[in-house]
Amino acid sequence: MMQRIRTRYAPSPTGRMHVGNLRTALYAYLIAKHEGGDYLLRIEDTDQERQVEGAVEIINRTLEKTGLIWDEGPDKDGGVGPYVQSERVTAGIYMEYAKKLIEKGEAYYCFCDKERLESLKTVIDGKEITVYDKHCLHLPKEEIEANLAAGKPFVVRQNTPNEGTTTFTDVLYGDITVPNAELDDMILLKSDGFPTYNFANVVDDHLMGISHVVRGNEYLSSAPKYTRLYQAFGWEEPQYVHCPLITDENKKKLSKRSGHSSYEDLVEQGFVDEAIVNYVALLGWSPEDNNEIFSLQELVEKFDYHRINKSPAVFDMNKLRWMNGEYIKMMDPEKYYVRALPEVKKVITKPLDLKKIADLMKTRIEVFPDIAEPIAFFEELPAYDVSLYTHKKMKTDPEISLAILKDMLPMLEAQEDYSLEGLRASISAYIEQSGRKTGQVLWPLRIAVSGQAMTPGGAYEIMEILGKEESLARIRKGIEKLS
RNA sequence: GGCUCCAUGGUCAAGUGGUUAAGACAUCGCCCUUUCACGGCGGUAACUCGGGUUCGAAUCCCGAUGGAGUCACCA
């Protein structure tokens, strides 16, 4: 009997979403939607100090823009709310469940202060490690009561045995067994009454009926503690899907802390939502066939989480750029123009046909900011060297170029029709009657009107956009330089 | 350092005992083209090492090595 799949994305509102989080959100979404299940959004705002103003809005916006629409969440009650953990704290949910554990002897009050905890610290390889010594587990009942009555600050800790092992099962990694001695008595409830991430996760995932817990590989090592919690409660464990890490080029885990790109950073850098989603989906997963370009809908159809990889993947900006270029080429012209226009305006202030200029760049860029530099010559003819007029393959040099430009000048002065077609007609007629090669004529012309060896579009396109007056001025300037 | 995970070209990645070890990005070359780009064609480039098991291992087992993650009143 197949249970209904329910997954959740449970971010903490601490800022922008980096791509690792985005991919976790995506996989959770795909796993649920592939089977027609539910996708929930739960806000894990249990750390008072790390709250960032507006972070929830960023999460909402990011999920909406990428199409990862949740079925239940803070704004969509599915009957298992609230979906914001701070509200669940107020409702007393975590305290209630913590007390159940205390009654069972699976958890205990701990009154140790910072100083005592500090003394438990050891430094190994430059890293601070604290292993709690179960000091408060052995407190006499009367002392606990007295402390509580006196209002002494406390935390609640999980009581893990020092012997034996704990085994949990991950869909991707199989059974993983860990010695219990490695599992320290983690804090369930903090002294401010808020739960820790770990405790809140277990309680909420259970209460919200989550069937598949999708999260990053960095949580693999804390999973056994969860198992102990589920067992302590007598709850059935969900399926775990620990996604492989996404790393930087140095194989280090992507993190905001290290200044790695967030989704919004990428958008600001000129990437397209669909391309980011598509690329990130392929980091750790591949379809049965060899396709690489997928819409979100296609991903929903094709995604099989059993094909998720186990090894970490390096985030390759190069390939993202390529993929982004593919998306830009496929992009709806109107949508393209909306994104392209601001980039065009960065370098063009003259009343030229900005649409035509933008269109020239559509197949030539990977990200939108690539637009500006190659089109700057439209605004103003750059200073250039006459050596540009020399091109071996086109069989042209300054002397030939001068002859050609002088030849064409009167003709172009007489011409009124500066449309692509008009220019093509008269110039190709000239080419024919002059007996010259197409390239030999067009090369100098393009150099004259653009001042650079490489341009988006050819001489016709450029002249059409520049218009008669400016085109002629640039050709005269070319003649002047060559004379 | 303990524990855990991982290991196919520079990167992503297919591959589940017998393949000329796919494909994509990047890179290089050629073609197309008035340049560039697009597009097309082609090249270089990989199973970490050592033991097993087997008629036969990239594929299964063990070990080594390497890398990563984690060891907070952060998530």
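In this text the structure is predicted, and so the values were computed from the model without any measurement. Lettering of chains follows the sequences in order, A, B, ..., and the numbering in each one begins at 1.
- In this structure, NZ of A:K437 is placed 14 Å from C1' of B:U33, rounded to the nearest angstrom.
- Using a 4.0 Å heavy-atom criterion, one finds that A:R215 contacts no nucleic acid atom at all.
- Among the atoms of the strands shown, none is found under 4.0 Å from any heavy atom of A:Y279.
- Counting any heavy atom pair closer than 4.0 Å across all strands shown, A:E182 reaches a base atom.
- Residue A:K251 has a polar side-chain atom (N or O) positioned under 4.0 Å from OP1 or OP2 of B:U11.
- Contacts of A:E461 with the nucleic acid, taken as non-hydrogen atoms under 4.0 Å apart, include base atoms.
- Backbone-only contact: A:T46 has heavy atoms under 4.0 Å from sugar-phosphate atoms and none from a base.
- Atom CZ in A:F315 sits about 17 Å away from atom C1' in B:A13, given to the nearest Å.
- For the pair A:K134 and A:Y108, the cation-pi criterion (under 6.0 Å, within 45° of the ring axis) is not fulfilled.
- For the 3.5 Å distance criterion, the side chains of A:N278 and A:Y327 qualify, holding a donor opposite an acceptor.
- Cation-pi geometry between A:R215 and A:Y197 is not met: the NZ or CZ atom fails to fall both under 6.0 Å from the ring centre and inside 45° of the normal.
- Here A:N201 lies out of heavy-atom contact (under 4.0 Å) with every strand.
- Side-chain N/O atoms of A:S286 include one lying less than 4.0 angstrom from OP1 or OP2 on B:A14.
- A cation-pi arrangement, defined by a distance under 6.0 Å to the six-membered ring centre and an angle within 45 degrees of its axis, is present between A:K355 and A:Y337.
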Q | Audit row: A:Y94, A:F194, ring-ring contact (aromatic ring centres under 6.0 Å, His included) steps and yes/no | A | CA-CA 8 Å; A:Y94 306 110; A:F194 277 70; 8.6 Å; no

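- A cation-pi arrangement is found for A:K362 relative to A:Y336, the charged atom lying closer than 6.0 Å to the ring centre and inside a 45° cone about the ring normal.
- Contact annotation for A:D125: base contact, defined as any heavy-atom pair under 4.0 Å involving a base atom.
- Mapping A:Y219 and A:K329 onto RNA chain B by nearest heavy atom places A:K329 closer to the 5' end of the strand.
- A:A313 comes within 4.0 angstrom of sugar-phosphate atoms only, judged by non-hydrogen atoms across all strands, and of no base.
- Of the nucleotides present, none pairs with B:A72 by Watson-Crick or G-U wobble criteria with both distances under 3.5 Å.
- Here A:V178 lies in heavy-atom contact (under 4.0 Å) with sugar-phosphate atoms only.
- Side-chain N/O atoms of A:N290 include none lying less than 4.0 angstrom from OP1 or OP2 on B:A22.
- For A:K253 and B:U70, the shortest distance from a side-chain N or O to OP1 or OP2 is below 4.0 Å.
- Within the 4.0 angstrom heavy-atom criterion, base atoms lie near A:K393.
- OP1 or OP2 of B:C74 sits under 4.0 Å from a side-chain N or O of A:K190.
- Distances shorter than 4.0 Å separate none of the side-chain N or O atoms of A:K310 from OP1 or OP2 on B:A7.
- When heavy atoms are screened at a 4.0 angstrom cut-off, A:S12 is found touching the sugar-phosphate backbone but no base atom.
- Residue A:R307 has a polar side-chain atom (N or O) positioned under 4.0 Å from OP1 or OP2 of B:G15.
- A:I129 comes within 4.0 angstrom of a nucleotide base, judged by non-hydrogen atoms across all strands.
- Between B:A72 and A:N198, no contact under 4.0 Å exists linking OP1 or OP2 to a side-chain N or O.
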